[in-house]
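Everything on this sheet refers to the single structure shown next.
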Amino acid sequence: MQSHPFSQSGQSAESIQSRPIAAVILLIGGSVLLVLSAALSIAVGAADISLATVWESIVHFNPDLTSHQVIHQLRIPRVIAGALTGAAFATAGALMQGMTRNPIADSGLLGINAGSGLLLAICFAFFPGMSFVHLLFFSFIGAALAAGIVFGAGSMVKGGLTPVRLVLAGAAVSALMLAISEAIAIHYNVGQELAFWYAGGMQGVQWAQVKIIAPWILGSIAIAILISRSITLLSLGEDIATGLGQRTGLVKAVGALLILILAGASVSIVGAVGFVGLIIPHVSRYLVGVDYRWIIPCSAVLGSLLVVLADIGARMFNPFAETPLGALIAVIGVPFFLYLAMNERREL
């Protein structure tokens, strides 16, 4: 199979190339754009607020002004949550693609998001009023459950886990878990609570939630960067990584734990937003090369930027009835996925 710009197929030890200058430019430029996008995100919405007012509320907060209260209590937590979850989804996708050598790996496509959602549905139905900390914990369990079923089912197929077979297993598990979640929602009348999760979005995010997920996500991204060299070697093949002295079992275990934390924390706060972890690592790889020491931090920055910009679009299309965030990203993600799947068709 011929390699294409977004594929990891056909890599060898000699093909490890990186573009550190391009990566540094991307990190700096992306960070600047992220700050500007965050400021715009705070300003736009059902009640537009000028950028001057945003700046004034940050440097001279006045609790008596409604606009300042809106900025601090609603808009800033929302944009921080978007940046954190975008970075988390993108980093999880980069880890999955590097560890499995699967160019179409993503937490949404492999059922991890649906697993988190199923456990959240169970919590809404049987344990109403559960604290966000406990919801986060069960979201992690759901992500682990889905991942175990998908990889277990995929491994039982003759010929092993090919990229397309893994995605097909993920689609089947996602459909099953979504159906169970919907049945629970209908029977126990918790459809309103789950509607937010199905659509994906950051309406109503509060500082308390941001403070809980921030250490988990930032810590996981930091660890992902620390093991990035090992992920690069794994992306060449397990035999090559082992031959170069890597403890592949330990690296995979740590990577899998990071993926579950990143996906579980993100789904618990913004819902089933897919395709971020599919698109962004490919874009990063195309721009900075195949070295995960650059792919992972660049993916985190670009993932944050994508989700923040998509959230702006969600509010601008219809300010009084926001467009679901997941739908906007899927408009980009579905064609991208189809392109990648067509390039992997020989593995069916």
Residue pair Tyr292, Ile295: steps toward the side-chain contact (heavy atoms from CB on, under 4.5 Å) verdict: CA-CA 4 Å; Tyr292 278 80; Ile295 291 174; 4.0 Å; yes
Audit row: Leu136, Trp216, side-chain contact (heavy atoms from CB on, under 4.5 Å) steps and yes/no: CA-CA 10 Å; Leu136 182 64; Trp216 289 94; 4.1 Å; yes
Phe89 vs Asn113, side-chain contact (heavy atoms from CB on, under 4.5 Å): CA-CA, chis, key distance, verdict: CA-CA 10 Å; Phe89 279 129; Asn113 292 358; 3.9 Å; yes
Pair Met177-Ile149, side-chain contact (heavy atoms from CB on, under 4.5 Å): steps then yes or no: CA-CA 11 Å; Met177 291 188 168; Ile149 294 174; 3.8 Å; yes
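In this structure, the side chains of Phe132 and Ser268 come closer than 4.5 Å at one or more pairs of heavy atoms. With a 4.5 Å cut-off on side-chain heavy atoms, Val283 and Leu302 count as touching. Considering only heavy atoms from C-beta on, Thr85 comes within 4.5 Å of Ile269 through its side chain. Residues Glu56 and Phe61 are not in side-chain contact: their nearest non-hydrogen atoms beyond the backbone lie 4.5 Å or more apart.
Evaluation of the side chain to side chain contact (heavy atoms under 4.5 Å, CB included) rule for Gln73 yields Gln69, Trp207 as partners, not counting sequence neighbours. Listed by chain and number, the residues in a side chain to side chain contact (heavy atoms under 4.5 Å, CB included) with Leu51 are Ala39, Ala43 (sequence neighbours excluded). Scanning for side chain to side chain contact (heavy atoms under 4.5 Å, CB included) contacts around Ile71 gives Ile42, Ile49, Thr53, Val54, Ser57, Ile76, with sequence neighbours left out. With sequence neighbours left out, the side chain to side chain contact (heavy atoms under 4.5 Å, CB included) criterion links Ala23 to Val288, Trp294, Cys298. The ring-ring contact (aromatic ring centres under 6.0 Å, His included) check on Tyr188 picks up Phe126, with sequence neighbours excluded.
For the atom pair CD1 of Ile227 and CD of Gln246, the computed distance is 10.0 Å after rounding to the nearest 0.5 Å. Atom-to-atom distance recorded for Ser181:OG and Leu119:CG is 9.0 Å, nearest 0.5 angstrom. Put simply, CD1 on Ile280 and CZ on Arg285 are 11.5 Å apart, with the number rounded to the nearest 0.5 Å. Within the model, atoms CG of Leu40 and CG of Leu309 stand 8.5 Å from one another, a figure rounded to the nearest 0.5 Å. How far CG of Leu27 is from CG of Leu34: 11.5 Å, rounded to the nearest 0.5 Å. Atom CG of Leu250 sits about 8.5 Å away from atom OG of Ser230, to the nearest 0.5 Å.
In terms of heavy-atom proximity, Gly98 sits nearest to Ile231 at CA-CG2, 4.0 Å. Nearest approach of Gly111 to Ser174, heavy atoms of both residues: CA-OG, 3.0 Å. The shortest non-hydrogen separation linking Ile261 to Phe140 is O-CE2, 3.3 Å. The shortest heavy-atom contact between Ile217 and Ala265 is CG1-CB, 4.1 Å. Contact record, Val173 with Ala146: CG1-O, 4.5 Å, taken as the closest heavy-atom pair. Heavy-atom minimum distance, Ile112 versus Ala147: CG1-CB, 4.2 Å.
Looking only at distances, a side-chain donor or acceptor of Arg19 sits under 3.5 Å from a matching main-chain atom of Leu287. Using a distance-only test at 3.5 Å, with no hydrogens or angles considered, a donor-acceptor pair links the side chain of Asp106 to the main chain of Gly277. Within the 3.5 Å criterion, the main-chain N or O of Ser228 finds no donor-acceptor partner in the side chain of Arg293. With hydrogens and angles ignored, the 3.5 Å screen pairs a side-chain donor or acceptor of His68 with a backbone N or O of Asn62. Here the side chain of Gln209 pairs a donor or acceptor atom with the backbone of Gln206 at under 3.5 angstrom. Side chain of Thr232 to main chain of Asp291: no donor-acceptor pair is present (N/O by atom type, distance under 3.5 Å, no hydrogens or angles).
One side chain, Ser284 or Ser299, offers a donor N or O that lies under 3.5 Å from an acceptor on the other.
Within a 6.0 Å radius of CZ in Phe137, no more than 12 heavy atoms belonging to other residues, nucleotides or ligands are found.
Hydrophobic clustering (ILVMFWY, side-chain heavy atoms < 4.5 Å, transitive): Ile225 and Val24 are in one cluster. Val133 and Leu262 fall within a single hydrophobic cluster, where Ile, Leu, Val, Met, Phe, Trp and Tyr side chains are chained together by heavy-atom contacts under 4.5 Å. Ile186 and Ile180 fall into different hydrophobic clusters, defined by Ile, Leu, Val, Met, Phe, Trp and Tyr side-chain heavy atoms under 4.5 Å apart, directly or through other members. Tracing side-chain contacts under 4.5 Å through hydrophobic residues (I, L, V, M, F, W, Y), one reaches Ile221 starting from Ile28; they form part of the same cluster. No chain of hydrophobic side-chain contacts below 4.5 Å, direct or via other Ile, Leu, Val, Met, Phe, Trp or Tyr residues, connects Ile312 to Val35.
With a 4.5 Å cut-off between side-chain heavy atoms of Ile, Leu, Val, Met, Phe, Trp and Tyr, the cluster of Ile21 takes in Ile25.
Among residue pairs with one or both ends in residues 134-150, none qualify as salt bridge (charged side-chain N to carboxylate O under 4.0 Å, His left out); sequence neighbours excluded. For residues 115-133, the set of pairs meeting the side chain to side chain donor-acceptor pair (under 3.5 Å) definition, not counting sequence neighbours, comprises Ser116-Ser139, Ser131-His134. Residue pairs satisfying the side chain to side chain donor-acceptor pair (under 3.5 Å) criterion with at least one member in residues 23-44, sequence neighbours excluded, are listed as follows: Ser41-Arg315. Contacts classified as ring-ring contact (aromatic ring centres under 6.0 Å, His included) and involving residues 253-279 (residues at least two apart or in different chains) are not found. Residue pairs satisfying the ring-ring contact (aromatic ring centres under 6.0 Å, His included) criterion with at least one member in residues 167-186, sequence neighbours excluded, are absent.
Between Phe138 and Phe127, the ring planes are parallel. Angles under 30° get that label, and only those over 60° would be called perpendicular.
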For residues 77-84, which side-chain donor-acceptor pairs fall under 3.5 Å, sequence neighbours excluded?
residue	atom	partner	partner atom	Å
Arg78	NE	Asp311	OD1	3.3
Arg78	NE	Asp311	OD2	3.0
Arg78	NH1	Glu322	OE2	3.0
Arg78	NH2	Asp311	OD1	2.8
Arg78	NH2	Glu322	OE1	2.6
Arg78	NH2	Glu322	OE2	3.4

